[in-house]
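The structure appears below as structure tokens.
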Amino acid sequence: MEDGVRSAPQVVDCDVLIVGGGFAGCGAAFEARYWGRDLKIVLVEKAAIERSGAVAQGLSAINCYMGMRWGENRPEDFVKYVRNDLMGLSREDLVYDVARHVDSSVHLFEEWGLPIFTDPSGKYIREGRWQVMIHGESYKPIIAEAARAAASQVDEHVLITHLLTSADDPHRVAGAVGFSVRDGTFRVYRARVVIVAAGGASHLFRPRSAGEGWGRTWYPPWSTGSAYALLIRIGAEMTQMENRLVVTRFKDGYGPVGAFFLYLKATATNAAGENYEVARRPGLRERVGAYADATPLPTCLRNDLMFREIQEGRGPILMHTERVIDSPEKETVAWEAFLNMTVGQAVTWAAQGTDPGKDPSELILSEPYVLGSHAVCAGAWASGPADLASGEYQWGYNRMTSITGLFGAGDTIGGSAHKFSSGSFTEGRLAAKGAIRFLTDHPERPPVADAAVESMRSTIFAPLVRFLAARPKITTGSVHPELLFPDQGLHRLEKIMDEYGGGVGSNYTTNDHLLARGLAQLTHLKEDLGAIGAGDLHQLGRAWELEHRVWTAETVLRHTRFRTETRWPGYYYRSDFPKVDDEHWHCFVNSVYDPATREWKLFTRPVRALF
Amino acid sequence: MPTYVSPEKCKGCMQCVNICPSDIMHIDPVEGRAYNIEPSMCWECFACVKACPEGAIDVRGYADFAPLGHRVVPNRTPDRIYWTIRMRDGSTKEFSFPVRRGKWGSIASPANEPAPDAEAVQSQLLSFEPDYLAVEVLPTIASSAPT
Ligand SMILES: Cc1cc2nc3c(=O)[nH]c(=O)nc-3n(C[C@H](O)[C@H](O)[C@H](O)COP(=O)(O)OP(=O)(O)OC[C@H]3O[C@@H](n4cnc5c(N)ncnc54)[C@H](O)[C@@H]3O)c2cc1C
Ligand code: SF4
Ligand code: SF4
């Protein structure tokens with residue numbers, strides 16, 4: 001544990017540094033090797049890539065696949081779908097780019113041995129228009145195998161805490177630093193180009209589950225907002241950070257609904273047995289206008305219908321699995337959907353004695369999450385591909401952020417919604433190719449100041465040092481007058497976000513006054529981050545995860561405050577601006593934090609239709 | 001559901017410690033056996049349960065909503081996974097699914113492919129494209145008529 005504080009740093013010099021070995025990071029490693037044969041490509045991951053990230057359990061569907069070879073969908077069909085689902089606001093150049101490439105990624109997965117459901121002719125079996133069904137328990141270890149075959153080096157159990165910038169230019173990335181959660185060594189990566197693929201953010205808002213079930217969130221507890229905080233803190237431009245996600249899921253176990261709604265064609269009703277989505281549609285039209293007529297209905301608006309149904313006292317909402325599971329094959333599909341993707345839902349069924357062939361299951365709306373790859377698209381503002389993007393959508397290299405040499409993919413990148421696993425992998429490939437092109441044009445190795453690295457070392461290990469110094473002031477236990485422990489800070493963050501930022505506890509509703517209060521309380525929490533104590537390396541990891549979550553949360557509140565409308569009813573509501581306001585807000589909200597002045601700038605960027 | 005470890009079966013081999021994405025399976029320095037140090041940060045992902053060579057790790061549904069009296073037990077082999085589920089009423093269900101076709105360790109480095117030329121680097125194509133798109137050309141918006 002004292003290693004990192006005192007011993008020499010372990011320094012790695014490389015060409016391409018990839019932070020995070022999830023779907024996007026593994027895609028980036030694979031692609032970087034194809035184009036960069038002699039390059040040193042280093043993948044750094046805080047866990048073990050076989051089971052790290054949002055796909056740790058596996059998945060039962062690939063949610064983004066065009067099927068161009070069978071003429072099923074064209075990229076522009078996907079763009080239209082995403083446009084509708086995001087209530088008009090997406091980076092259509094990025095969305096199109098993922099769509100036109102994603103089939104090649106899925107065909108690679110199949111070749112690598114991922115079992116995809118096929119009909120006798122070999123055609124993939126669809127769950128819905130964009131989804132294909134898989135036996136995906138080993139989806140992640142298969143993808144990890146490809147990344148391992150490609151990377152020069154995979155450093156696991158290393159948590160990245162900060163990005164490094166060039167000694168000559170604060171807007172040029174130069175690497176990253178962190179520490180080994182196993183042996184406590186201080187790690188310094190000096191790189192010519194960096195690709196951040198560190199996933200989304202859970203536990204910004206207080207979850208519905210309590211006590212021991214605190215970790216029972218929909219997105220995993222290890223999605224800690226590192227992708228956003230790492231970028232924000234060196235001044236990268238962010239977009240759509242207010243576009244948080246609330247998901248409709250099986251209650252408590254958080255089993256996904258896709259296989260049930262789309263494949264088994266189950267319906268959901270209120271307590272009276274009424275199909276509320278049909279019955280309440282006219283009222284929805286009054287609130288949101290033509291968006292209510294989009295087919296399929298945008299994800300947020302489906303949430304909105306359920307939210308009001310529960311608010312008005314017509315819950316519980318029931319998913320009628322018992323009406324559609326009429327054969328052993330369908331029963332197997334139902335259980336496999338969970339065993340391969342959310343085992344906890346199978347446990348909930350077993351524990352509560354629910355037989356989906358006989359009993360309906362309750363549905364619920366989750367707490368909010370922040371991510372870039374789902375039915376939302378928070379993340380970094382990135383350059384698009386040269387043949388699809390121009391003006392403020394393009395500055396040379398595909399998926400480069402506003403920081404020179406810094407690329408991103410998957411949950412990290414904003415504006416490109418509905419990527420899911422396959423699209424995130426594909427975006428990792430796109431970012432890697434962009435990065436290789438950048439390296440071709442920029443042979444230099446950005447200088448890193450030793451003094452800056454040393455100061456980061458003391459910052460990183462400060463919670464351990466602080467704990468050792470302050471520990472003797474109390475007998476034992478967790479109540480200390482000078483120290484705050486990471487879980488205590490996380491509870492505070494979740495409470496602030498829940499009560500002021502529009503979480504479950506405030507009916508997803510906020511307003512300018514609440515947001516101002518929330519930001520004031522977050523400022524205090526940020527000050528208290530300077531008093532975080534960590535008794536061991538595990539706690540030190542938790543301390544940095546908390547720090548990353550707090551920076552992400554602050555950005556979410558700032559964006560939410562700036563957008564004075566309710567763009568996505570069902571994700572959150574601004575009670576002071578309850579309408580969708582296309583006249584003023586059919587645009588992106590972007591932000592930049594300036595690390596030199598510590599000031600934030602919020603502004604808008606236009607949404608441009610690709611066609 | 002948080003994990004718990006059987007003291008009779010655990011050999012302290014560290015497999016669960018290595019694989020847990022939440023960094024919460026640790027070895028008790030006194031007992032020399034694994035335990036879940038932070039059950040409230042467990043995602044019931046079962047990565048440790050599947051990885052344990054001794055079958056020493058089990059799970060018990062989260063206390064805040066799961067009644068006692070259930071079990072969900074995986075047995076993962078290189079090509080299939082077998083699940084046994086014990087329901088609250090004591091009845092059991094069994095399921096098994098393929099996990100992988102072909103051999104583990106069979107994915108080759110993309111560096112084994114012929115090296116791309118400078119023109120390919122500048123194009124919009126990714127590795128293995130256009131072949132693996134299974135359509136003749138990579139779509140671009142100019143080439144596709146919007147409807
Ligand atoms: C329950 C659930 C169900 C889903 N269902 C589907 C589905 O059916 N179909 C589908 O296609 N998609 C599905 N998805 C979505 C899919 O999992 C994500 O879109 C995808 O994993 C995003 O990829 P990513 O690489 O951005 O993030 P991840 O895959 O989460 O990878 C992020 C990686 O970064 C690492 N990391 C984070 N912070 C740091 C740090 N500071 N230092 C070092 N490493 C770090 C993490 O450990 C992780 O390995 C589902 C997700 C969940 C949670
Ligand atoms: S993997 Fe199993 S045997 Fe090995 S330490 Fe963990 S619980 Fe014990
Ligand atoms: S179930 Fe997953 S999160 Fe829980 S201890 Fe095991 S590996 Fe870790």
Side-chain angles (χ1 to χ4, degrees), chain A residues 30-31 33-35 37 47-48 51-52 56-57 68-69 74-76 100-101 103-104 107-108 112-113 115 135 137-138 142 145-146 149-150 181 209-216 220-222 252 332 335-336 339 343-344 346-348 350-353 385 387-388 429 433 437 538 541 610-611, chain B residues 1-2 18-19 21-23 37 39-47 59 61-67 69-70 72 81 83 85-89 93 95 97-102 104-111 113 115-116 121 124 126-129 132-135 138-141 144 146:
Chain A
F30 180 79
E31 195 71 19
R33 175 58 73 217
Y34 180 84
W35 300 101
R37 296 297 160 102
R51 294 286 179 191
S52 69
Q57 318 194 37
M68 293 192 291
R69 64 170 151 169
R74 298 167 307 165
E76 52 269 46
R100 65 175 168 173
H101 291 286
D103 286 10
S104 77
H107 300 157
L108 281 168
W112 292 340
H135 296 292
E137 189 278 337
S138 290
I142 291 170
E145 188 182 310
V181 298
S209 52
E212 190 183 84
W214 199 29
R216 175 58 295 182
W222 44 85
D252 297 331
T332 304
W335 282 92
E336 183 174 7
L339 292 170
V343 194
V347 174
T348 307
Q352 298 183 341
D387 63 331
L388 300 174
R429 295 174 66 199
K433 183 157 187 210
R437 287 191 50 210
H538 176 74
L610 198 55
F611 47 82
Chain B
M1 70 253 44
N18 179 54
I19 204 70
S22 202
D23 185 35
I37 62 162
S40 66
M41 279 287 132
C42 177
W43 200 45
E44 79 255 31
C45 74
F46 275 69
V59 292
Y62 291 124
D64 61 330
F65 58 81
H70 56 274
V72 173
I81 187 160
W83 290 94
I85 293 156
R86 194 178 78 202
M87 305 287 288
R88 183 171 175 69
D89 64 5
K93 289 181 187 289
F95 300 99
F97 313 111
V99 300
R100 179 167 192 170
R101 304 208 163 95
W104 288 97
S106 60
I107 302 175
S109 167
E113 299 297 310
V121 177
Q124 291 298 331
L126 292 178
S127 62
F128 298 85
E129 289 180 351
Y132 276 58
L133 288 169
V135 291
L138 178 74
T140 180
I141 200 67
S144 46

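Numbers restart at 1 for each chain; the letters A, B, ... are given by sequence-line order, proteins then strands. For clarity, every value in this text was computed on a predicted model and none was experimentally measured.
- The part of A/T348 that comes within reach of chain B is its side chain, from C-beta onward, which places non-hydrogen atoms under 4.5 angstrom from that chain.
- Closest approach of B/V99 and A/I142 over heavy atoms only: O-CD1, 3.9 Å.
- Between A/W222 and B/W43, the ring planes are perpendicular. Angles over 60° get that label, and only those under 30° would be called parallel.
- Only the side chain of B/F95 has a heavy atom closer than 4.5 Å to any heavy atom of chain A.
- One finds the CZ atom of A/R69 at 10.5 Å from the CG atom of B/L133 (value rounded to the nearest 0.5 Å).
- Heavy atoms closer than 4.5 Å to chain A are found in both the backbone and the side chain of B/L126.
- Contact count versus chain B (heavy atoms, under 4.5 Å) is highest, among A/Q352, A/E336, A/M68, for A/E336.
- Between the side chain of B/E44 and the backbone N or O of A/G215 there is no donor-acceptor pair closer than 3.5 Å.
- The backbone N or O of B/Y132 lies less than 3.5 Å from a partner atom in the side chain of A/H107, making a donor-acceptor pair.
- The greatest number of non-hydrogen atom pairs below 4.5 Å with chain B, out of A/S52, A/A146, A/G211, is found for A/A146.
- Your options are B/R101, B/E113, B/R88, and the one with the most heavy-atom pairs under 4.5 Å with chain A is B/R101.
- Minimum heavy-atom separation, A/E145 to B/I107: OE2-N, 2.9 Å.
- Qualifying salt bridge (Lys or Arg N to Asp or Glu O under 4.0 Å) partners for B/E129, counting only residues two or more places apart in sequence or in other chains: none.
- Proximity to chain A is absent for every atom of B/D89, based on heavy atoms less than 4.5 angstrom apart.
- For the pair B/R100 (side chain) and A/W112 (backbone), a donor-acceptor distance under 3.5 Å is present.
- Put simply, of A/A149, A/A47, A/A351, A/G113, the one with the most heavy-atom pairs under 4.5 Å next to chain B is A/A351.
- With a 4.5 angstrom heavy-atom cutoff, B/R86 touches chain A only via backbone atoms.
- Note that NE2 of A/H538 and OG of B/S22 are 7.0 Å apart. Values are rounded to the nearest 0.5 Å.
- Contacts of A/R51 with chain B are made by both backbone and side-chain atoms, with heavy-atom separations under 4.5 Å.
- Between chain A and the residues B/P67, B/P39, B/A134, B/G102, the most heavy-atom pairs under 4.5 angstrom are made by B/P67.
- Among all heavy-atom pairs drawn from B/A63 and A/E212, the shortest one is N-OE1, 2.9 Å.
- Annotation for A/A350 and B/I85: closest pair CB-CG2, 3.8 Å, computed over non-hydrogen atoms.
- Chosen from A/K433, A/H135, A/R37, A/E31, the residue pairing most often with chain B at heavy-atom distances under 4.5 Å is A/R37.
- In this structure, the portions of B/I19 lying under 4.5 Å from any heavy atom of chain A include both its backbone and its side chain.
- Within the 4.5 angstrom heavy-atom criterion, atoms from both the backbone and the side chain of A/W214 approach chain B.
- Summarising the geometry of B/Q124 relative to A/R100, their closest heavy-atom pair is OE1-NH2, 3.6 Å, with the distance given to 0.1 Å.
- Evaluation of the side-chain contact (heavy atoms from CB on, under 4.5 Å) rule for A/S209 yields A/P207, A/R216, B/D64 as partners, not counting sequence neighbours.
- Between the CH2 atom in B/W83 and the CD atom in A/E137 there is a gap of 7.0 Å [rounded to 0.5 Å].
- Options B/W104, B/F97, B/F128 differ in how many heavy-atom pairs under 4.5 Å they form with chain A, and the most are formed by B/F97.
- Looking only at distances, no side-chain donor or acceptor of A/R33 sits under 3.5 Å from a matching main-chain atom of B/A111.
- When B/A66, B/C45, B/A108 are compared by the number of non-hydrogen pairs under 4.5 Å with chain A, B/C45 comes out ahead.
- Looking at A/Q57, its side chain never comes within 3.5 Å of a backbone N or O of B/F46 through a donor-acceptor pair.
- Both the backbone and the side chain of A/P220 come within contact range of chain B, with heavy atoms under 4.5 Å apart.
- Considering CZ of A/F30 and OG of B/S109, their distance stands at 8.0 Å, rounded to 0.5 Å.
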